[in-house]
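Proteins come first, then strands; the chains are lettered A, B, ... in the order of their sequence lines, and each starts at number 1. Treat the numbers as computed from the prediction; the structure is a model and nothing was measured.
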Protein chains: 2
Amino acid sequence: MEEHKKRILLVEDDPNFGTVLKDYLMMNDYEVTHAKNGMEGFEKFKKDDFDLCILDVMMPYKDGFTLAKEIREKNTDVPIIFLTAKTMKEDVLKGYKVGADDYLNKPFDSEVLLMKIKAIIQRKATETISDSKQFEFKIGRFDLNSKLRFLKFDGGDPVKLSPKENELLRLLALHENDLMPRELALTKIWRDDNYFTSRSMDVYIAKLRKYLKPDDKVEILNIHGEGFRLVVNS
Amino acid sequence: MEEHKKRILLVEDDPNFGTVLKDYLMMNDYEVTHAKNGMEGFEKFKKDDFDLCILDVMMPYKDGFTLAKEIREKNTDVPIIFLTAKTMKEDVLKGYKVGADDYLNKPFDSEVLLMKIKAIIQRKATETISDSKQFEFKIGRFDLNSKLRFLKFDGGDPVKLSPKENELLRLLALHENDLMPRELALTKIWRDDNYFTSRSMDVYIAKLRKYLKPDDKVEILNIHGEGFRLVVNS
DNA sequence: CATTTTTGTTAATGTAAGGTTAAAAGACGA
DNA sequence: TCGTCTTTTAACCTTACATTAACAAAAATG
């Protein structure tokens with residue numbers, strides 16, 4: 001049934017603890033890549049596809065949060081678990097802001113970690129058959145390449161999109177002709193849903209509308225109180 | 001923006017702690033139903049739709065796990081967070097087995113709880129993939145798309161519906177040719193049944209009748225003192 | 001039949017959400 | 001540190017919505 005072992009990227013600077021944890025996870029049928037610091041962690045992340053990242057927060061050179069941010073830029077979906085020192089509540093909150101899926105206070109119980117890993121991986125598996133793979137869209141007479149972040153009209157000169165512009169347009173494109181709930185964009189892109197992020201999103205909608213003006217068959221409609229809808233009229 | 005506040009079922013037997021927590025959550029813009037034990041919790045769960053359940057593990061009459069199992073039988077999707085006593089690792093593991101989404105050791109930090117709630121609710125939101133079936137209705141020569149909130153006559157130009165118009169028409173459509181009790185609409189849509197909401201509903205019925213005028217085979221009949229009936233004559 | 005209750009309908013009002021532009025604040029590399 | 005790009009916040013305006021009031025018409029009540 002199971003095609004391949006789940007791959008975990010473990011970034012932990014303490015060599016003893018790291019090795020023990022790695023062995024423990026491998027004993028439990030995970031394929032583990034162990035990086036000794038944030039730098040190395042990011043290098044390894046770029047080289048491979050992982051099903052889960054476990055990041056220590058406190059590390060020399062590059063801490064877990066910075067690493068998480070870099071990882072998130074490459075991949076918005078991969079689950080991240082932070083290992084934080086006990087009592088460091090700030091770390092926990094900061095972790096969630098960066099888009100963590102969970103955290104564990106050190107020292108933690110290994111069985112609990114295992115449960116969390118299982119729960120998270122299973123959860124992600126049921127989530128939309130990774131829309132993460134889709135980066136190129138045809139939107140009316142436009143071509144959106146959301147990996148390189150540009151938008152071309154009629155194959156002409158590409159317009160550069162900022163990260164947020166890009167992600168928002170991509171989300172809209174993924175839901176073409178359908179509702180793209182406000183909440184979805186806010187939680188996925190802004191990672192927070194409040195008055196200000198919501199207004200910020202409206203600003204970006206205005207920007208996108210400007211970009212899309214050249215093709216009058218393409219428009220972004222609002223569904224009051226729900227979200228937006230990218231429609232391509234024929 | 002406010003689509004509607006997220007609803008939380010809080011089941012906690014300690015009256016002091018429960019009340020404080022409830023108030024805290026309400027201050028943070030959640031709608032909270034507080035049950036004092038497992039029994040009551042299940043009763044309340046059956047009566048309403050919740051976006052999240054927070055269950056204390058240790059409770060008289062019916063503990064959190066048993067309650068969670070019952071809830072899972074009714075609803076496989078609603079997120080559950082357990083509140084467990086510190087150090088009770090067994091509880092944590094058991095919780096995950098019952099299908100918990102997360103747990104918190106008591107005493108916990110309220111901000112952390114808030115983050116977890118946010119994270120879990122938004123996670124569920126992204127999982128919920130649109131099953132368009134539930135949202136599309138044929139009413140005589142009309143097509144109602146209650147997800148995108150529009151009503152089309154003979155495939156012509158769609159008329160936009162407001163949220164209340166939409167929900168009301170959808171409820172009527174779900175009961176096509178049958179009685180749609182006043183009380184049902186008021187409790188489901190207005191979440192309150194009093195003179196004013198009732199009058200408000202009448203106003204919406206008038207609006208819907210206007211929209212439906214183009215097809216003289218479609219009408220909304222009143223059943224005095226009972227409710228309304230959407231009929232499609234052949 | 002007179003009276004009360006419920007419903008039909010239109011219009012007015014107040015509030016919230018969204019559209020848009022510009023300025024302020026952050027982020028980041030040179 | 002400066003300049004540039006990006007994002008957020010502010011401001012102002014428009015539109016969308018829901019509620020309430022007001023008055024008319026049916027339906028029930030007795």
Side-chain angles (χ1 to χ4, degrees), chain A residues 62 65-66 69-70 72-73 97-98 146 149-151 158-169 172 179-183 185-186 188-213 219-230, chain B residues 1-5 29 146 148-151 158-169 172 179-183 185-186 188-213 219-230:
Chain A
K62 189 182 285 179
F65 297 131
T66 313
K69 259 190 230 163
E70 293 177 355
R72 275 275 168 271
E73 271 174 35
K97 281 219 179 87
V98 184
S146 78
R149 293 210 324 249
F150 66 68
L151 186 67
V159 179
K160 276 184 164 288
L161 297 181
S162 85
K164 286 244 153 68
E165 290 165 354
N166 176 55
E167 289 194 70
L168 185 55
L169 186 53
L172 285 164
L179 170 68
M180 194 284 290
R182 266 192 116 77
E183 207 197 358
L186 291 174
K188 274 220 167 191
I189 301 177
W190 276 264
R191 299 196 174 282
D192 191 14
D193 181 346
N194 62 45
Y195 173 78
F196 291 108
T197 53
S198 192
R199 285 332 317 276
S200 189
M201 170 172 169
D202 289 332
V203 172
Y204 276 92
I205 289 288
K207 291 183 189 191
L208 291 182
R209 284 187 173 131
K210 252 183 218 166
Y211 288 137
L212 297 175
K213 216 160 227 169
E219 42 185 349
I220 297 175
L221 303 180
N222 173 253
I223 298 175
H224 199 95
E226 299 286 337
F228 294 91
R229 191 157 85 96
L230 175 68
Chain B
M1 181 196 114
E2 199 55 43
E3 321 154 359
H4 74 88
K5 287 185 185 175
D29 251 2
S146 85
L148 301 178
R149 285 204 336 236
F150 65 68
L151 186 66
V159 178
K160 286 195 187 194
L161 299 181
S162 87
K164 288 248 152 72
E165 291 165 356
N166 176 56
E167 289 193 72
L168 185 56
L169 185 53
L172 285 164
L179 170 67
M180 194 282 291
R182 258 196 125 75
E183 201 207 338
L186 290 174
K188 280 240 168 196
I189 302 176
W190 275 264
R191 315 216 117 253
D192 190 13
D193 181 348
N194 62 45
Y195 172 77
F196 292 108
T197 54
S198 190
R199 286 330 321 276
S200 191
M201 171 172 168
D202 290 331
V203 171
Y204 277 93
I205 290 287
K207 291 182 187 189
L208 290 182
R209 283 184 174 133
K210 246 186 224 168
Y211 289 137
L212 296 174
K213 219 161 225 167
E219 41 186 348
I220 298 175
L221 303 180
N222 173 253
I223 298 171
H224 201 91
E226 301 287 335
F228 295 91
R229 196 156 84 92
L230 175 68

J.: What closest approach, in Å, do B/Leu208 and B/Ile220 show between heavy atoms, and which atom pair accounts for it?
T.: CB-CD1, 3.8 Å
J.: Tell me the closest heavy-atom pair linking B/Met180 and B/Leu172, and the distance in Å.
T.: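 Heavy atoms only, the tightest pair is CE-CD2, 3.7 Å.
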J.: Starting from P on D/dA16, measure out to OH on B/Tyr204 and report it in whole angstrom.
T.: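 Taking atom P of D/dA16 as the reference, OH of B/Tyr204 is at 14 Å.
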J.: Measure CG/A/Leu186 against P/D/dT7 and give the value in whole Å, please.
T.: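 The distance from CG of A/Leu186 to P of D/dT7 comes to 15 Å, rounded to the nearest Å.
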J.: Nearest whole angstrom, please: distance from the P of D/dT7 to the NZ of A/Lys97.
T.: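 After rounding, the reported distance stands at 19 Å.
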J.: For C/dG19, take OP1 and OP2 only and decide whether either is under 4.0 Å from a side-chain N or O of A/Arg199.
T.: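 The answer is no; no side-chain N or O of A/Arg199 sits under 4.0 Å from OP1 or OP2.
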J.: Mind calculating the distance between NZ (A/Lys164) and C1' (C/dC28) to the nearest angstrom?
T.: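 In whole Å, C/dC28 C1' and A/Lys164 NZ are 15 Å from each other.
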J.: Once you apply a heavy-atom cut-off of 4.0 Å, does B/Ser162 come out as touching a base, just sugar-phosphate, or nothing?
T.: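 The answer is sugar-phosphate, as B/Ser162 gets under 4.0 Å only of primed atoms, P, OP1 or OP2.
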J.: Taking all non-hydrogen atoms of both residues into account, name the closest pair between B/Leu148 and A/Leu179 and its distance.
T.: CD2-N, 3.5 Å
J.: Take atom CG of A/Asp202 and atom P of C/dT21, then tell me their distance rounded to the nearest Å.
T.: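 So the two atoms are 13 Å apart, to the nearest Å.
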J.: What's A/Asn222 touching, base or sugar-phosphate or nothing? Going by heavy atoms closer than 4.0 Å.
T.: sugar-phosphate
J.: What is the distance, to the nearest angstrom, from the OH atom on A/Tyr195 to the P atom on C/dT15?
T.: 16 Å
J.: Heavy atoms from C-beta onward define the side chain here; which of D/dT19, D/dA16, C/dT21 lies closest to that of A/His224?
T.: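 The closest nucleotide is D/dA16.
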J.: Just verifying a value: how many Å separate B/Asp202 CG and B/Arg182 CZ, rounded to the nearest 0.5 Å?
T.: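 The distance works out to 4.0 Å.
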J.: Is there a residue in residues 205-213 of chain B whose heavy atoms reach under 4.0 Å of DNA chain D, and which residues are they?
T.: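 Listed by number, there are none.
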J.: How many angstroms lie between OG1 in A/Thr197 and CG in A/Asp192, if you round to the nearest 0.5 Å?
T.: 5.5 Å
J.: What residues, two or more places apart in sequence or in another chain, satisfy ring-ring contact (aromatic ring centres under 6.0 Å, His included) together with A/Tyr204?
T.: A/Trp190
J.: Do you know which two heavy atoms are closest between A/Val98 and A/Lys69, and how far apart they sit?
T.: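 Smallest interatomic distance, heavy atoms only, reads CG1-N, 3.9 Å.
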J.: Check this one for me: any side-chain N or O of B/Trp190 less than 4.0 Å away from OP1 or OP2 of D/dT19?
T.: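 It does, given that an N or O in the side chain of B/Trp190 lies less than 4.0 Å from OP1 or OP2 of D/dT19.
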J.: For B/Ile189 and D/dC17, give me the distance from atom CD1 to atom C1', rounded to whole Å.
T.: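 Roughly 15 Å, once rounded to whole Å.
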J.: Could you give the CG-to-P distance, from A/Asn166 to D/dC5, as a whole number of Å?
T.: 18 Å
